[in-house]
Protein chains: 2
Amino acid sequence: MHVLIVEDEKSLHQEVRQFLLQSQYLVDSAYTYAEASEKIFVNSYDFVLLDLGLPGGDGLDLLREARRNDRQEASFIILTARGAIDDRVKGLDLGADDYLPKPFSLMELQSRMQAITRRKFGLKRQELNFGNGFQLDATGRTIRYNDQDVSLTKKEFDLLHYLLLHKNRVLTRLQLGEHLWGNVLEDDSDSNYIDVHIKNIRKKLGQFAPTDFLETVRGIGYRVADSN
Amino acid sequence: MHVLIVEDEKSLHQEVRQFLLQSQYLVDSAYTYAEASEKIFVNSYDFVLLDLGLPGGDGLDLLREARRNDRQEASFIILTARGAIDDRVKGLDLGADDYLPKPFSLMELQSRMQAITRRKFGLKRQELNFGNGFQLDATGRTIRYNDQDVSLTKKEFDLLHYLLLHKNRVLTRLQLGEHLWGNVLEDDSDSNYIDVHIKNIRKKLGQFAPTDFLETVRGIGYRVADSN
DNA sequence: CTTCAACAATGAGAACGTGCATAACGGGAG
DNA sequence: CTCCCGTTATGCACGTTCTCATTGTTGAAG
């Protein structure tokens with residue numbers, strides 16, 4: 001499950017982020033209107049947790065926009081300190097799925113999200129096929145090649161998972177870094193740790209089958225291609 | 001046996017909860033319609049004790065919905081202060097298993113539940129097989145290895161039981177803590193009590209057979225794997 | 001075709017974090 | 001009071017992540 005948190009207040013943002021990570025969600029972060037807008041447009045999420053009081057614009061505009069060009073199938077949950085009822089009404093009118101007044105407990109957030117999940121998907125298991133005979137099971141956090149287990153570390157698994165969720169799209173090191181490590185704001189790092197992880201993934205999977213599907217896009221980043 | 005209590009009146013809720021815990025049920029709690037809805041969908045219960053006068057929605061809707069997508073095999077027992085007969089009729093029509101008008105005695109509740117259990121399972125017990133030759137008997141709260149008794153403490157048993165109910169899923173410490181201790185608000189992740197319980201379970205079971213099935217997933221949590 | 005610069009892949013190991021074992025603590029039940 | 005269970009505390013060992021130096025690869029320009 002892929003969540004975007006749109007909230008400018010840092011400590012709250014981090015708290016929620018941490019909690020969702022622990023609950024095994026994939027989490028992206030946005031602190032400003034611009035950031036949020038960009039991410040919502042580019043990626044597809046299962047949930048968007050949307051604060052209304054944002055620097056740079058009104059959160060409701062994001063919702064309105066996302067619903068208009070109906071690319072975004074995410075469920076929106078509106079978080080706001082404004083206790084005003086009309087916000088709630090407006091939000092729900094615009095197609096928000098739920099509304100959570102601050103302050104809220106993390107448990108409450110979780111149960112709202114699960115309720116929506118239930119409405120949307122049922123209980124089905126999340127599996128992704130890739131390469132030629134590989135399968136990733138998100139709930140069990142396992143990779144299999146024809147029923148043999150392939151063991152990856154946490155970072156390797158998360159990285160591969162993220163690439164698979166964006167099959168056929170090139171992801172830059174910056175995008176990957178941002179998603180996997182939260183905020184790498186400053187240094188367009190001289191580090192190559194992502195390359196290293198990619199290499200290790202290739203090595204481990206390579207023991208079972210060729211890893212052509214995991215392509216390097218020179219000068220940009222990496223991409224997982226369809227396997228046919 | 002796994003029970004969900006759906007009741008907004010706190011003192012009654014707690015009283016029932018306490019009683020069932022002592023009667024060795026696994027108990028989950030919901031105080032609102034939303035909470036209940038989420039839990040019913042996500043988990044599978046043996047019993048749902050359902051209050052009809054709920055904040056956020058009509059309890060009967062829960063029953064109706066649960067029966068429609070017939071994932072939920074729980075027996076529903078309706079608790080309500082509304083002495084009205086038509087509620088009773090409606091409830092039974094919708095597939096409730098029994099009806100208990102408030103106020104009721106705990107003994108009465110227990111005997112209704114036992115009656116239903118007998119009707120449902122006959123004399124047969126609820127058993128889960130795991131590892132290689134292990135068997136968990138949920139009704140007797142015992143573990144056996146080829147007919148030898150393995151004695152676990154309550155917490156150990158509950159922990160193992162919960163992991164078994166979610167076979168092949170990785171559960172984080174947060175998720176485990178949440179379900180075994182009711183509502184843990186913050187992630188006081190500086191505690192390692194779950195690790196200790198896991199270790200003790202491994203130690204006790206390990207005297208009989210290898211405990212590979214109880215896997216550590218580094219950086220995430222624990223998982224019980226299929227034993228084939 | 002050769003050269004060169006930019007970029008990616010690799011191997012080794014340092015730094016870090018996580019989980020496990022062991023032991024001690026503390027509170028509730030009898 | 002005593003015992004036992006659940007929890008906390010702590011040190012160690014090992015797996016994971018990241019850094020760094022080096023080698024390999026690519027593509028454009030001469």
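Chain A is the first sequence line, chain B the second, and so forth, proteins listed ahead of strands; every chain is numbered from 1.
- Checked against the 6.0 Å centroid threshold, A:His179 and A:His161 do not count as a close aromatic pair.
- Residues forming a side chain to side chain contact (heavy atoms under 4.5 Å, CB included) with A:Asn168 (at least two apart in sequence, or on another chain): A:Ala225, A:Asp226.
- Under the side-chain hydrogen bond (donor to acceptor under 3.5 Å, both in side chains) criterion, B:Ser151 pairs with no residue, sequence neighbours left out.
- Once you apply a 4.0 Å limit to the heavy atoms of chain B, the touched nucleotides of DNA chain D run 5' to 3' over D:dC5 to D:dT16.
- For A:His197, there are no side-chain hydrogen bond (donor to acceptor under 3.5 Å, both in side chains) partners at least two apart in sequence or on another chain.
- Scored by the salt bridge (Lys or Arg N to Asp or Glu O under 4.0 Å) test, A:Glu38 finds no partners at all (sequence neighbours excluded).
- The CG atom of B:Asn200 sits 17 Å away from the P atom of C:dG19 (whole-angstrom rounding).
- For B:Val196, the side chain to side chain contact (heavy atoms under 4.5 Å, CB included) partners are B:Asn192, B:Asn200, not counting sequence neighbours.
- When each of B:Glu156 and A:Thr153 is assigned the nucleotide of DNA chain D bearing its nearest heavy atom, the one mapping closer to the 5' terminus is B:Glu156.
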Which pairs would a plain distance check flag for residues 205-220 of chain B, meaning a side-chain donor or acceptor within less than 3.5 Å of a matching protein atom at least two apart in sequence or in another chain?
{"residue": "B:Glu215", "atom": "OE1", "partner": "B:Arg223", "partner atom": "NE", "Å": "2.8"}
{"residue": "B:Glu215", "atom": "OE1", "partner": "B:Arg223", "partner atom": "NH2", "Å": "2.7"}
{"residue": "B:Thr216", "atom": "OG1", "partner": "B:Arg202", "partner atom": "NH2", "Å": "2.8"}

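- Listed by first then second residue, pairs satisfying salt bridge (Lys or Arg N to Asp or Glu O under 4.0 Å) with a partner in residues 151-166 of chain A read A:Arg141-A:Asp158, A:Lys154-A:Asp158, A:Glu156-A:Lys204, not counting sequence neighbours.
- In this structure, the helix from C:dC1-D:dG30 to C:dG30-D:dC1 shows an angle of 30° between the axis at its start and the axis at its end, each fitted on 5 base pairs and rounded to 10°.
- Remark: A:Leu171 pairs with A:Tyr162, A:Leu163, A:His166, A:Arg169, A:Gln175, A:Leu176 by the side chain to side chain contact (heavy atoms under 4.5 Å, CB included) rule, at least two apart or across chains.
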N/O contacts under 3.5 Å, protein versus nucleotides 7-14 of chain C?
{"residue": "C:dC7", "atom": "O2", "partner": "A:Arg218", "partner atom": "NH2", "Å": "3.0"}
{"residue": "C:dA8", "atom": "OP1", "partner": "A:Gly219", "partner atom": "N", "Å": "2.8"}
{"residue": "C:dA8", "atom": "OP2", "partner": "A:Arg173", "partner atom": "NH2", "Å": "3.3"}
{"residue": "C:dA9", "atom": "OP1", "partner": "A:Arg202", "partner atom": "NH1", "Å": "2.9"}
{"residue": "C:dA9", "atom": "OP1", "partner": "A:Thr216", "partner atom": "OG1", "Å": "2.6"}
{"residue": "C:dA9", "atom": "OP2", "partner": "A:Tyr222", "partner atom": "OH", "Å": "2.7"}
{"residue": "C:dT10", "atom": "O4", "partner": "A:Asn192", "partner atom": "ND2", "Å": "3.0"}

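- Checked against side chain to side chain contact (heavy atoms under 4.5 Å, CB included), A:Lys199 has no partners two or more places apart in sequence or in another chain.
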